[in-house]
Amino acid sequence: MNKKFIFGPVPSRRLGYSLGIDLVERKFCSYDCIYCEVGKTTNKIIERIDFHNDKEIVSQIKDFLGSYTGRIDCITFTGSGEPTLNVKMGEILSEVKKLTTLPITLLTNGSLFFREDVRNESMDFDIVIPSLDSVCEESFLKVNKPHKDLKLSIIIEGLIKFSKEYKGKLFLEILLVKGVNDSDNDLISLRKIIERMKVDKVQINTVIRPPAYKEAKPIEEEDKERIKNLLGDFVQIDLSFSGKKDNRSNVGKEEVKELLKRRPCTFEQISVSLGMDGESLKKILEDLEKELKDNLKIDKFDGEFYYKVVEND
Ligand code: SF4
């Protein structure tokens, strides 16, 4: 089965077992976040384009749902870039809704919510998780490296507008990078904006996998108290990877490869994400090493070794 556009299901703290759907090619994004785990942005755009992948995406999801017997709790539009850049996002969503009653989630950087078409298409998701890492110009530029035509004030207004119009579950995600967007001023300013939004949850994350830019460092446990004090008790702070293994016996090389294309993982994280025992995973990684040679990278980050599949340069 061709699974070029889908990966997982991978366990997620918020969503349970989530089947990831890649709506855009690697790596089309309106940002080039320094912490991005996919890698540096090679195509920084803000115009929505037709990737001519809508029919194939829907057919791959249909095939997968028809044959997969493991646990899936939701389908998530995410992947190797910014999903709202796909001009067919709304059409793909409505086709996928015909195939399943599973909740469908949109993971987005929220930068295009100033556009009415993006807001309208996003209304039909069951859960929307936009990110907003900074509302201060200097930190925003440093942490997200946005497309030159994006204006922070317009992005913020778009997010606030969407949050008030949207009827599903809205979880705001903030990723804090040490010394970049975690100052008292950053957090106080963020809080003022969040108070103008209608959100169900605010989640704080940090850099937990090898980032696109080496200067992106995680905040530390000691910072938690200060962040809570400044942002408010309503925020949830999660600084670690966690997961519970759901054993599966039929995970193949392609599945591991698709996961590592989107997300660098330690041995343990792959094992938990795909429900694999250590022996089978070791064998698959050896096979991948032979097949991919230099395109299977192992990076050291925060004392751990991360596997990652990169494209040919
Ligand atoms: S983290 Fe998301 S928004 Fe930021 S560059 Fe990567 S894909 Fe784009």
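Keep in mind that what you see is a predicted model, and the values were worked out from it rather than measured. When a ligand or atom number is given, it counts from 1 through the structure's own listing order.
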Query raised in the report: So which heavy atom in the protein is nearest atom 4 (Fe) of ligand 1, and how far is it from that ligand atom?
Result: Cys33 SG, 2.3 Å

Requested in this report: Confirm or rule out an N/O/S atom of Cys36, from backbone or side chain, lying less than 2.8 Å from atom 6 (Fe) of ligand 1.
Outcome: yes

Report task. Kindly indicate, with the supporting measurements, whether the criterion side chain to side chain donor-acceptor pair (under 3.5 Å) is fulfilled by Lys27 and Thr41. Result -> CA-CA 5 Å; Lys27 204 210 145 179; Thr41 299; 2.8 Å; yes

Query raised in the report: Got a salt bridge between Glu286 and Lys253, using NZ or NE/NH1/NH2 to carboxylate O under 4.0 Å?
Result: no

Report task. Report yes or no: does Lys27 have a heavy atom closer than 4.0 Å to ligand 1? Result -> yes

Query raised in the report: Got a sec: is Cys29 within less than 2.8 Å of atom 4 (Fe) of ligand 1 via an N/O/S atom?
Result: no

Requested in this report: Take the angle between the ring planes of Phe125 and Phe77 and call it parallel below 30°, perpendicular above 60°, tilted in between.
Outcome: perpendicular

Query raised in the report: For atom 6 (Fe) of ligand 1, is the nearest protein heavy atom under 4.0 Å away?
Result: yes

Query raised in the report: Does a salt bridge link Lys98 with Glu95, judged by any charged N lying under 4.0 Å from a carboxylate O?
Result: yes

Requested in this report: Output the list of atoms in ligand 1 that are nearer than 4.0 Å to some heavy atom of Tyr35, sorted by atom number.
Outcome: 1 (S)

Report summary line: side chain to side chain donor-acceptor pair (under 3.5 Å) with Asp133: of Asn144, Asn205, Asn181, Asn109, only one passes, and it is Asn144

